[in-house]
Amino acid sequence: MEVLLYSIPISLLLGGIGLGAFFWSLKNNQYDDPKGDAERILSDEFDDHPKQD
Amino acid sequence: MSVSPASPSHSEPFEDEHVSASACPACIAAPSAEQIAKSGDIKGARIMLSLPTAHCAVCITDVERELMKQPGVKSARVNLTLKRASVDAAGDVEPAGLIAALDKIGYEAHELDPGMLSATEADKRGRDLLMRMGVAGFAMMNIMMLSIAVWSGAEDSTRDLFHWISAAIALPTTIFAGQPFFANAWASLRGGRLGMDVPISLAILLALGISLFETMHSGAHAYFEAATMLTFFLLVGRYLDYRTRAVARSAAEELAALEVPRATVLRDGEEVTVPVGELVPGDLIRVRPGGRIPADGEVTEGQSESDRSLLTGESLPVQVLPGMTLSAGEVNLTGPLTLRVTAAGRDSSLHRMADLVAMAESAKTKYTSLAERAARAYAPIVHILSFSAFCAWAWITGGDFRLAVNIAAAVLIITCPCALGLAVPAVVTAASGKLFRKGLLIKDGTALERMAEIDTVVFDKTGTLTMGAPRPQNLSDLSPEALSVAMALAEGSSHPLARALNEAAAGQGVAPAALSDLREVPGYGVEGVWQGQRVRLGRANWIGAEDGTTTATHLKIGDAAPISIRFADTLRTGAEEAVAGLKAQGKQVWLVSGDVEGAVSDLATRLGIDTYRAGALPAEKAQLVSDLTQQGHRVLMVGDGLNDTAALAAAHVSVSPASALDAARTASDIVLLGKDLAPVSDAASISVRARRRIKQNFGISIVYNIIAVPLALTGLATPLMAALAMSASSITVSLNSLRLR
């Protein structure tokens with residue numbers, strides 16, 4: 001069962017990274033315009049300067 | 001392709017839109033001075049445009065490219081979720097020019113007042129809820145992983161270790177993520193009430209407490225995953241509910257921002273632009289042709305015609321001469337006018353209309369939503385169940401409080417209203433998303449439920465069933481020469497009839513005749529010289545023609561007999577479908593208008609409406625709606641004018657087109673964003689389905705409880721069962737709601 005000593009902290013760490021990424025995206029207005037973002041990917045005119053807030 | 005450095009931030013994690021607790025429409029009917037004052041200088045560098053018809057990638061590129069082409073525009077960015085474009089431009093760029101440019105490439109656009117769209121405070125709350133939801137979801141999944149190991153047979157020290165790790169995750173998580181519930185529960189307890197949040201908080205805290213106790217004493221059962229799962233599912237419901245209301249609030253803001261009410265005042269001979277709220281009686285105001293009259297006043301200078309259709313529903317313009325009194329809300333058509341303000345703000349006729357609205361509002365009984373009714377029944381039952389379980393087990397076991405508390409907690413956890421909390425918001429989110437795609441913006445959370453109950457629909461005529469835009473009817477009566485003269489004359493005026501005539505003639509491929517000395521006589525018409533003869537186009541009494549009952553303009557060439565050109569209003573797109581659709585659903589349809597009998601009965605026959613009323617005053621419209629309500633009908637009112645506002649407020653549920661006056665939009669629960677009226681009948685059928693879905697959801701959660709509660713009461717419930725019941729019911733309810741899409 002020693003493997004638990006590694007696997008549990010690792011799983012928590014990975015989950016924590018995911019949570020951190022979620023916080024980051026939330027703070028960076030990644031959810032401002034989900035519909036527009038989904039459509040923009042189909043556009044040929046590339047957005048070289050992503051929106052900054 | 002474009003950068004917009006400081007767009008207002010809106011968290012919009014799901015692609016849905018809608019709904020509101022609309023504030024008091026009466027207050028907003030006459031936009032307050034403070035609000036207008038706050039919006040700052042008139043030509044801000046940021047222009048916000050509403051784009052009701054934008055829906056795809058092509059729209060984004062088209063609109064952005066077109067806007068960027070305009071001189072002075074630094075950047076433009078479309079937000080498709082909000083259907084808005086924000087434009088950063090030099091100070092001298094006029095929004096009207098941008099709107100015209102977009103109109104040319106086929107996109108409807110309206111100016112928004114950016115000062116009214118600052119939703120940062122509300123946005124912070126949404127983000128806060130979302131963050132708590134994220135934390136609860138993270139904790140739930142990790143604890144579940146450990147719990148599965150326990151359920152599949154981990155024992156002794158391994159189980160204890162897993163329980164301790166779970167506790168280490170669950171405690172901080174629930175304390176952080178559960179705060180919205182704890183705060184609400186505390187507030188309602190202090191107010192001496194038992195809200196929905198009291199049993200929720202009790203369940204979360206009790207579950208944590210006994211789990212911690214059991215873990216310390218190496219017990220077999222711990223409810224950490226149940227506590228976090230509870231928090232997570234309830235937060236999802238809470239968040240959806242919040243979103244519906246936030247979107248509704250932003251819809252209300254957007255509508256308030258649609259019109260930027262200002263007036264041009266003459267002070268010491270100079271024209272100054274001031275917010276309408278700052279006008280005082282005695283001020284001299286200038287109203288340009290095409291402008292809306294901002295306050296009641298007496299005409300001191302100028303001649304023109306005035307369009308009163310929004311106030312009274314009359315479709316014929318009224319001639320305006322010095323000395324006449326005009327009411328706020330009328331539209332000046334042909335010549336510039338100078339008015340001396342007789343009543344502004346609180347005393348103006350616009351505000352009296354607002355009082356009528358306030359009266360209609362207060363007469364209406366408050367609607368109790370399905371969710372409120374469910375919550376009212378739910379809270380006491382759960383407390384009684386769980387408390388009696390505690391007492392019964394304490395008595396049966398002769399004082400084994402550990403077991404009794406365990407069972408009481410299990411009852412609370414199992415009955416916890418995850419499914420109940422999701423039942424309404426999930427359906428409302430799905431339904432209003434569907435309606436938004438059809439071009440309907442729901443401003444009030446309970447509007448959908450109320451919409452489902454209607455059996456009678458009352459339509460206004462001018463501007464609602466019709467476009468409020470006239471079209472010439474008898475151009476074939478005119479000789480080709482007369483038509484080309486009429487067209488040339490019409491070019492000299494911006495009067496709606498002249499413009500309609502010009503458009504229709506151009507549509508027939510007519511070229512305007514060559515005229516000299518073309519001039520507009522405000523209030524009367526246009527005249528010029530054609531091949532040495534005097535030609536005139538305008539009012540009957542000016543031309544020497546007989547005045548008819550229908551909207552008409554008259555043409556006189558030289559000494560020939562005058563020719564009347566009659567106009568009729570065009571039907572709004574989708575009006576036929578909407579009426580037919582509602583009738584097919586078994587609704588009774590009424591047509592009520594302030595216009596003359598002939599025009600109203602014509603339209604009623606054309607649309608197949610059997611019951612109509614003409615010449616109705618605003619108060620009579622509201623009276624009709626309340627009479628119908630008294631007779632036991634549930635009325636849907638569809639209208640756009642100020643004269644409809646009181647009726648809109650009195651109706652069970654109301655719809656107005658986006659072109660309506662702000663007071664009418666504010667008084668209504670649902671706003672039609674596009675020009676098409678057909679979605680009204682869709683809204684009626686979707687709302688019926690939505691309500692059925694909500695009731696099904698309640699049914700599902702009740703069935704789960706019927707199965708699970710006896711098990712919990714008899715002490716047979718395990719954490720595994722609690723987790724299964726909770727997630728299964730929440731997921732079924734969510735999936736059931738999604739079937740609506």
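Here is the naming used below: chain letters follow the sequence lines, and residue numbers restart at 1 for every chain. Values below: all heavy atoms of this structure, side chains included; hydrogens, waters and symmetry mates excluded.
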Q: Let me know if B:L161 has heavy atoms under 4.5 Å from chain A in its side chain, its backbone, both or neither.
A: neither
Q.
Closer than 3.5 angstrom, by distance alone: can the side chain of A:N28 be matched with the main-chain N or O of A:W24 as a donor-acceptor pair?
A. yes
**Q.** Under 4.5 Å from a heavy atom of chain B, the part of A:L19 involved
**A.** side chain
Q | B:R132 side chain vs B:G178 backbone, donor-acceptor pair below 3.5 Å | A | no
**Q.** Proximal component of B:M141, with respect to chain A [non-hydrogen, under 4.5 Å]
**A.** neither
Q.
Can you tell me which portion of B:V135 sits under 4.5 Å from chain A's heavy atoms? Options are side chain, backbone, both or neither.
A. both
Q.
Could you report the tightest heavy-atom contact between B:R159 and B:S218, atom names first, then the distance?
A. NH2-O, 3.3 Å
Q) Should B:T173 and B:I143 count as side-chain neighbours, where that means a heavy-atom distance under 4.5 Å? A) no
